[in-house]
Amino acid sequence: MPELPEVEAVVRTLHPLVQGQRIRCVHVLHPIAVKPQPLSRLADLARNRRIQRADRKGKYVLLRLDRGLVTLHFKLDGRLVWFSNARELRERANAQENGVHVDVAFELEKGVLGFSDRRHFGRVYAWDRFEDSSGLASLGIDALSRDFKAARFREMLAGSKRPLKDFLMDQTRVAGLGNIYSGESLWHARLDPRRRAKSLEPEEARRLHKAIVSVLARALECCLHPAPDFRDSQWWFQGLEKILRVYGREGEPCRRCDGTIQRIEQGGRSTYFCRRCQK
DNA sequence: CCTGCTACCTGATGGC
DNA sequence: TGCCATCAGGTAGCAG
């Protein structure tokens, strides 16, 4: 489950399900999901703790406990699943029939929250304090937060010679954009992804800031309708295609000019853009 | 400090 | 059909 809007939608759905609940038991069904932390670390920290709230920073989901916190990162394919009770978890988790892949499960007073990632890139970690997680502690300004302001963004751009696409993907500067929405934002701002960040004129920087904010807002709306449903194993975000202007459209016509969408590689990832109108 | 590259995994898809 | 190559919405860790 990829970028910031998807994670935000998940957290908004998750929060009312778990707030105030005590974690009765933690099951690590696929130990790779907690590596490299010691196997017992998660259960030791989380068992019998109460979840004060579920929230989000960048693409991380946080379960803030009455002591310590749990972080979940979905990487490319991770997701949440929900079971009514421990019995349903036992019967269905990683079962042949009617089975659901589950890596880690938190048995709550009411319901069971599961973390699932067949690809095993995703991770679930336990921390005493927020700052102990280097990934979390190094995150930059959250792209959906009020602190993400045009003036500040312009200063950050001015301090980097990296290509715009790489700059936007860097979570230590602006947290939340990934491969899809960084490319979409650059298309909306009519900027060439290969341009050096510091080469932007003030007006271009403002345009990019505005594009990021509006792309994320539209994507979040889309992710909330319909809202995530952790009970439905088929559930996934619907209708994202209709808001995407360039992603995955190599060889197809640009939606703004007579150009054709190209695919290039940047930092080992695919970038889609229109050479004709993105300058 | 900054940057670029690779590894980490599994599954879907398309060409032959 | 089978086999192989390529691709996938992310980040940590490492070398230079």
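Heavy-atom basis, side chains included; hydrogens, waters and symmetry copies ignored. Everything numeric here is computed off the predicted structure, so don't read it as measured data. Naming convention: chains lettered A, B, ... in sequence-line order (proteins, then strands); numbering from 1 in each chain.
Closest approach to the Arg118(A) side chain among dT10(B), dT3(B), dT11(C) is made by dT10(B) (side chain taken as heavy atoms from C-beta onward). Each of dT10(B), dC7(C), dG10(C) was ranked by its minimum atom distance to the side chain of Lys75(A); first place goes to dG10(C). Of the candidates dC9(B), dT3(B), dT11(C), the closest approach to any side-chain atom of Lys35(A) belongs to dC9(B).
Contact annotation for Gly122(A): no contact, since no heavy-atom pair falls under 4.0 Å across all strands. Tyr60(A) comes within contact range of the sugar-phosphate backbone alone, with a heavy-atom separation under 4.0 Å but no base atom that close. Looking at heavy-atom distances under 4.0 Å, Ser270(A) makes contact with sugar-phosphate atoms alone, never a base.
Comparing the same atom, P, in dC9(B) and in dC14(C) gives a spacing of 15 Å after rounding to whole Å. Annotation: dT6(B) and dC7(C) have their P atoms spaced 14 Å apart (nearest Å). Separating the P atom of dA7(B) from that of dT6(C) is a span of 15 Å, rounded to the nearest Å.
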Checklist entry - Hey, mind stepping through Val61(A) and Val7(A) against side chain to side chain contact (heavy atoms under 4.5 Å, CB included) and telling me if it holds? => result CA-CA 7 Å; Val61(A) 172; Val7(A) 181; 3.7 Å; yes
Checklist entry - Between Arg50(A) and Glu109(A), does a salt bridge (Lys or Arg N to Asp or Glu O under 4.0 Å) hold up when you go through it step by step? => result CA-CA 10 Å; Arg50(A) 204 167 281 282; Glu109(A) 292 162 307; 3.6 Å; yes
Next on the checklist: Show, in sequence, the C-alpha distance, side-chain angles and deciding distance for His209(A) and Phe148(A), and conclude whether the side chain to side chain contact (heavy atoms under 4.5 Å, CB included) test is met.
Outcome noted: CA-CA 9 Å; His209(A) 176 269; Phe148(A) 181 53; 3.5 Å; yes
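Atom P of nucleotide dT11(C) and atom CZ of Arg173(A) are separated by 15 Å, given to the nearest angstrom. Between Arg123(A) atom CZ and dG10(C) atom C1' there is a gap of 12 Å when expressed in whole angstrom units. In this structure, Asp170(A) places its CG atom 11 Å from P of dG4(B), rounding to the nearest Å. As a whole-Å value, the separation of Leu76(A) CG from dA12(B) C1' is 14 Å. One interatomic measurement links the two molecules: CH2 of Trp236(A) to C1' of dA8(C), which rounds to 12 Å at whole-angstrom precision. The interatomic distance linking Ile32(A) (CD1) with dC9(B) (C1') rounds to 7 Å, in whole Å. Between Asn179(A) atom CG and dG10(C) atom P the separation is 6 Å, expressed in whole Å. His101(A) places its NE2 atom 10 Å from the C1' atom of dT10(B), with the value rounded to the nearest Å.
With centres under 5.5 Å and a plane angle under 30°, the ring of Phe121(A) is stacked against the base of dG10(C).
Between Lys59(A) and dG10(C) there is a side-chain N or O to OP1 or OP2 distance below 4.0 Å. Taking side-chain N and O atoms only, His120(A) has no distance below 4.0 Å to OP1 or OP2 of dC8(B). Under 4.0 angstrom from either OP1 or OP2 of dA8(C) there lies at least one side-chain N or O belonging to Tyr272(A). For dG4(B), the OP1/OP2 oxygens have a side-chain nitrogen or oxygen of Arg162(A) closer than 4.0 Å. When the side-chain nitrogen and oxygen atoms of Gln171(A) are compared with OP1 and OP2 of dT11(C), one or more of them lie within a distance under 4.0 Å. Residue Ser160(A) has no polar side-chain atom (N or O) positioned under 4.0 Å from OP1 or OP2 of dC2(B). Residue Arg263(A) has a polar side-chain atom (N or O) positioned under 4.0 Å from OP1 or OP2 of dC7(C).
Residues Asp103(A) and Val124(A) fail the side-chain proximity criterion, which asks for heavy atoms closer than 4.5 Å. Residues Trp236(A) and Arg79(A) have side chains in contact (heavy-atom distance under 4.5 Å, counting atoms from C-beta outward).
Distance alone, capped at 3.5 Å, is enough to place a donor-acceptor pair between the Arg249(A) side chain and the Arg245(A) backbone.
dT10(B) is paired with dA8(C) under the Watson-Crick or G-U wobble criterion, all donor-acceptor distances under 3.5 Å.
Each of Glu6(A) and Pro36(A) has a nearest nucleotide on DNA chain C; the 5'-most of these lies closest to Glu6(A).
You won't find any donor-acceptor pair under 3.5 Å spanning the side chain of Arg269(A) and the base of dA8(C), going by distance alone.
For Arg173(A) and Asp166(A), the salt-bridge test fails: no basic side-chain N is under 4.0 Å from an acidic carboxylate O.
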